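Just so we're on the same page: letters track the sequence lines, and every chain starts at 1. Everything quoted here is computed from the prediction, not taken from an experiment.
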Amino acid sequence: MNEILFKYLLRISDSGLILAQRISAWTGHGPFLEEDLALTNIALDLFGRSRSLLDYAGKLEGKGRSEDDLAFFRNERHFYNHLICEQPNGDYAQTMLRQAFVDAYELLLYTELSKSKDTTLAAIAAKSVKEITYHKRHSFSWVKRFGNGTEESFTRLQNAFHEIWPYTGDMFEPIEGEAELVKNGFVPDLQKIKADWEKEIKNLLQESNITLPENVYMHSGSAKALHSEHLGFILAEMQSLPRAYPDAKW
Amino acid sequence: MGWLHEIPDPEIPVISIVELGVIRDLHFNDTTLEVTITPTYSGCPAMKQMEDDVIKKLHEKGFDKVKINTVYDPAWTTDWLNEAARLKLQNYGIAPPEGTKDKSALLGEPKSVTCPRCKSKQSEMVSQFGSTACKALYKCKDCLEVFDYFKCI
């Protein structure tokens with residue numbers, strides 16, 4: 001069971017870590033100062049949460065791996081982040097729509113995780129819920145603004161939707177053995193989360209004038225650590241310093 | 001605990017880390033002095049600074065063995081800031097949090113925050129995210145000053 005929980009912790013912490021790395025790329029490039037600060041703040045929350053989760057995962061594994069070891073010395077095929085988190089930032093509409101999809105998902109997931117029988121996971125999740133509430137309010141308001149703004153902003157949101165939507169299904173793919181964690185009250189059933197998520201996102205898209213298409217092909221694979229071509233490049237950049245100087249200390 | 005009162009918050013030096021509410025417990029485990037702290041925000045970069053400051057202060061006071069334990073439960077809340085700390089924040093130019101009981105913060109409705117300079121209640125939110133993880137940016141509609149607001153969590 002610990003082995004499955006370890007992998008589950010990697011799945012949720014990697015998702016936060018990779019998305020944080022992605023949105024950090026906006027630092028100094030935001031459309032205006034307040035948005036630059038907003039994204040940096042959100043990235044910090046995600047990094048912080050992933051640190052706590054990776055630290056716990058390392059202890060659970062019991063092989064003496066620290067949070068840094070897990071973040072910097074694993075390869076693509078050992079990362080379990082959702083595909084949506086590694087997709088390119090695109091323009092601001094794409095970054096915000098991706099964020100809205102993830103924020104809605106995380107708020108539902110972490111609210112459930114805060115009731116986990118694993119008390120450490122529950123405590124980290126309870127803390128995260130407070131932070132995600134702010135993230136979601138921010139991303140949702142931007143999506144609505146793009147959808148109801150100008151023809152240009154709407155077109156950008158529509159294009160972003162076509163780019164990102166096929167990666168949303170992957171968030172609901174369980175890892176091998178996850179059913180056992182669900183059965184024992186450690187983690188929630190993703191199918192239940194999916195129903196609530198779809199309801200919320202349908203409302204958001206409707207308010208933003210985006211029509212939800214049917215029968216879209218959904219990418220998947222991250223539950224088995226199979227990724228799109230983007231993850232390798234993200235890791236190459238993120239891990240370069242500790243790999244070049246393995247003994248470097250902050 | 002008294003000595004820890006001397007350690008200012010690295011980002012908001014007018015209040016101490018004890019007033020901020022991050023120091024949850026102090027006790028001896030054999031000969032090691034264990035300090036239990038809880039983070040404000042998961043990714044707050046000031047947490048490391050606070051840990052280092054606590055260790056340094058206690059070393060100065062003659063405790064050689066000091067250990068920091070981080071706990072997440074119960075999660076830190078702005079409700080732990082006492083009246084004195086709120087007043088200090090306000091005098092420093094940061095609007096203090098207006099209580100987590102105000103659910104409008106969670107529902108996304110605009111709410112009025114008192115301007116720490118002219119005390120006007122006519123203010124508007126500029127950004128939910130401010131200069132540090134714990135703050136939002138507001139603007140006073142009367143004196144037109146932009147100010148930090150300590151977010152409720």
* Tell me, side chain or backbone of T38(B) under 4.5 Å from chain A's heavy atoms, or both, or neither? -> neither

* Asked: Where does P39(B) contact chain A at under 4.5 Å (heavy atoms): side chain, backbone, both or neither?
  -> both

* Is the number of heavy atoms from other residues, nucleotides or ligands under 6.0 Å of K192(A) NZ greater than 12? -> no

* To do: Decide if atom CD of Q206(A) counts as having more than 12 heavy atoms of other residues, nucleotides or ligands within a radius under 6.0 Å.
  => no

* Asked: Would you say D73(B) and K127(A) make side-chain contact, with heavy atoms under 4.5 Å?
  -> no

* Structure fact -> The interface call for K48(B) against chain A, heavy-atom contacts under 4.5 Å, is neither

* To do: Kindly check if the number of other-residue, nucleotide or ligand heavy atoms within 6.0 Å of OH (Y245(A)) is above 12?
  => no

* To do: Heavy atoms only, distances under 4.5 angstrom: which of T40(A), L37(A), L39(A) has the most pairs with chain B? Name it, please.
  => L37(A)

* Check the angle between the aromatic planes of H138(A) and F129(B) and answer parallel, tilted or perpendicular using the 30° and 60° thresholds. => perpendicular

* Asked: Any side-chain heavy-atom pair from E131(A) and I153(B) closer than 4.5 angstrom?
  -> no

* Asked: Within a strict 4.5 Å, meaning less than it, do heavy atoms of the L44(A) and C44(B) side chains meet?
  -> no

* Asked: Atom OG1 of T132(B) and atom CG of N41(A): how far apart are they, to the nearest 0.5 Å?
  -> 7.5 Å

* Asked: Where the side chain of D45(A) meets the backbone of Y41(B), is there a donor-acceptor pair that is under 3.5 Å apart?
  -> no

* To do: Flag yes if more than 12 heavy atoms outside E237(A) fall under 6.0 Å of its CD atom; otherwise flag no.
  => no

* Asked: Which atoms form the tightest heavy-atom contact between Y134(A) and C152(B), and what is the distance?
  -> OH-O, 2.9 Å

* Working to the nearest 0.5 Å, report the span between CD of Q128(B) and CD1 of I42(A). => 8.0 Å

* Rounded to the nearest 0.5 Å, how far apart are CZ of R51(A) and CE of M47(B)? -> 10.5 Å

* **Within 6.0 Å of NZ in K119(B), more than 12 heavy atoms from elsewhere** => yes

